Every structure is written in structure tokens, then in C-alpha cells.
There are 2 protein chains.
Amino acid sequence: MNIANPYSSNCPTRKVLDRVADKWAVLVLGLLIEGPIRFNRLRRAVEGISQKMLSQTLKSLERDGLVSRKAFATVPVTVEYAITPLGQTLATTLDALRVWAETHMEEVTANQQRYDAGAKSGA
Amino acid sequence: MNIANPYSSNCPTRKVLDRVADKWAVLVLGLLIEGPIRFNRLRRAVEGISQKMLSQTLKSLERDGLVSRKAFATVPVTVEYAITPLGQTLATTLDALRVWAETHMEEVTANQQRYDAGAKSGA
DNA sequence: GAGCCTAATTACCAAAAGAAACCATCGAGG
DNA sequence: CCTCGATGGTTTCTTTTGGTAATTAGGCTC
């Protein structure tokens with residue numbers, strides 16, 4: 001079982017890591033944890049995402065078993081996306097990242113400005 | 001509404017999240033937490049990374065104040081990279097992600113195979 | 001003085017993201 | 001009737017990013 005190091009490219013952990021390193025997936029999962037939601041509503045909620053990327057993100061999340069898709073044969077066909085139990089475990093983990101961002105973003109931004117200022121004068 | 005929802009694109013949290021959604025940054029930070037390390041050593045450790053991407057990743061991590069760079073005027077100039085205290089807090093958070101991956105990768109892989117099989121026959 | 005090791009950049013090409021248009025269906029309204 | 005709007009997508013095109021390989025620069029070794 002001890003497959004261990006994600007630093008070798010053939011390690012499956014690396015694949016999952018690659019998958020998770022996706023800003024849209026992180027944002028979508030973060031929204032889905034609040035409850036099932038329809039496609040366009042999701043699109044409006046996640047500011048800046050295109051239909052293509054949302055569709056693509058949802059498809060791969062579904063493929064991974066992190067979200068479930070349910071289509072209703074209503075007037076204009078509605079599709080509802082929901083997070084799965086597995087997806088919830090990931091969303092919980094990712095939430096720590098959001099908390100980190102909220103806690104440290106000011107410091108990071110300050111660092112960036114200091115760096116940029118230094119690079120400008122130091123060059 | 002300074003902080004709050006990362007779903008609006010102008011939220012600084014979103015910027016940090018974008019930044020973190022980078023597989024190389026995650027892997028590099030994970031290695032740096034074990035101690036300072038030189039450029040080429042890092043490159044050999046992170047399998048599959050190119051010099052360009054490593055250089056680029058390190059530069060942006062340095063800009064964010066997550067790692068520090070120290071050049072030594074040795075024979076062939078050596079450069080050592082180390083994680084900063086701020087970087088450590090992030091690396092710790094990201095470690096939870098690695099743990100998630102190690103715990104759930106089998107399930108995710110199984111889901112993918114089931115999905116792919118279903119799509120093939122079900123389409 | 002050719003070759004090598006260091007860290008990093010550059011040029012070039014492939015892949016992915018982004019923007020915007022199009023598709024098909026149906027109900028509402030002019 | 002015919003267009004409009006809303007539904008969830010896909011397609012097309014452009015831009016941005018990532019990957020490969022070659023190059024740079026300096027000094028040491030052979």
C-alpha cells in the first residue's frame with residue numbers, strides 16, 4: 001500500500017494532485033457543498049467561469065465520482081448537480097485551503113508588492 | 001465586504017486560490033518543507049518538471065514570500081531555496097490534500113474506470 | 001582551450017483556457 | 001407566425017500557458 005512519494009510521476013497520488021490543482025474544481029466543489037444546484041445557477045455563482053469550462057469541470061468531477069449529475073425532463077431541460085459523499089470529504093479538505101487564503105492573502109499581497117517594487121529598483 | 005466569497009472574481013482570496021491551484025507549486029513546497037535545497041537537486045527530485053517551470057514556479061513562490069532564495073558565489077554559482085514561515089503554514093495545509101489523495105486515490109481511480117466503461121457502452 | 005557543471009533564459013511548438021457564437025427545445029408575447 | 005428568452009451544452013477561434021530543447025555565462029578541470 002505504501003506507494004508514498006508523489007514526486008515520482010508514475011505515482012497515482014500525483015494524478016489526483018494534478019486533478020485537484022484546478023481552481024474551477026475547487027470553487028465548484030465549494031459551492032456544491034451548500035446543496036444541489038443547477039448548471040446556469042452555478043455558472044452565475046462562480047464569477048468568471050465560461051460554459052465550456054464549467055461543463056468540462058463538472059464532467060471530470062463526475063467522472064471522479066466527486067459530484068453526481070441528474071437531468072430532469074422539464075420544459076427547458078434542467079440538470080442538477082450534487083456533491084457525493086466522496087466529494088464532501090475532498091471539499092472539506094479544500095476548505096482548509098480557502099481558510100488559509102482568507103487568513104494570509106493580505107500578507108501574500110504585501111509580499112508581492114514588496115517583491116515587485118524591489119525588482120523594479122534593483123534591476 | 002473585504003473578505004468573504006471567493007466566488008466573485010475581484011476577491012483577493014480568489015487570486016491566492018488561483019496561485020495555489022498549481023501542481024508544481026504544491027510539489028515544490030512539499031519538498032522544501034524538508035529543508036533547504038538547491039535548484040538542480042530540486043529539479044531531479046520533482047520528476048517531470050522542466051527547468052523553465054521550476055524556475056518560474058520558484059520565482060512566483062518567492063514573489064509571494066512563500067520561499068526564499070539565496071545565491072552563493074561558489075565555483076559554479078549555487079542557489080539554495082528554503083521555505084519561509086509563511087510558506088510552512090501553506091505547506092502544512094497542502095499536506096492535508098496529499099493525505100486526502102493517498103487515502104482516496106483508489107476510489108477515484110475506480111470511479112473513473114466505471115465512468116469510462118459506462119460511457120462507452122451507454123452512449 | 002575544450003568540456004562540464006551551475007542556474008536560468010529563450011525560442012519554438014503543443015496543449016489548455018477563455019470568449020463568443022451556435023444548437024435544440026419549448027412557452028410567452030408581439 | 002415569428003421572435004424572444006431560458007434551459008444545458010458544444011463548437012469555433014484566439015490567447016495564454018506548459019513542455020522540450022537549445023543557449024547563456026562563468027570558472028574549474030583536464
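Here is how names work: the chains are called A, B, and so on, in the same order as the sequence lines, proteins then strands, and each is numbered from 1. No experiment lies behind these values; they were computed from the predicted model shown.
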Practice problem: Classify every nucleotide of nucleotides 7-21 of chain D by which part a protein heavy atom approaches to under 4.0 Å, writing B for the base, S for the sugar-phosphate alone and - for neither, in 5'-to-3' order. | Solution: SBBBBB-----BBB-
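- Atom CZ in F72(B) sits roughly 18 Å away from atom P in dG27(D) (whole-Å rounding).
- Remark: the backbone N or O of Q88(B) is paired with a side-chain donor or acceptor of T92(B) at under 3.5 angstrom.
- Side-chain contact, S60(B) with R19(B): a donor N or O sits under 3.5 Å from an acceptor N or O.
- Among residues at least two apart or in separate chains, there is no ring pair (Phe, Tyr, Trp, His ring centres under 6.0 Å) pair with a member in residues 29-86 of chain A.
- With contacts defined as side-chain heavy-atom distances shorter than 4.5 Å, the pair D64(B)/L90(B) does not qualify.
- You'll find the side chain of V26(A) stays beyond 4.5 Å of the side chain of D22(A), heavy atoms only.
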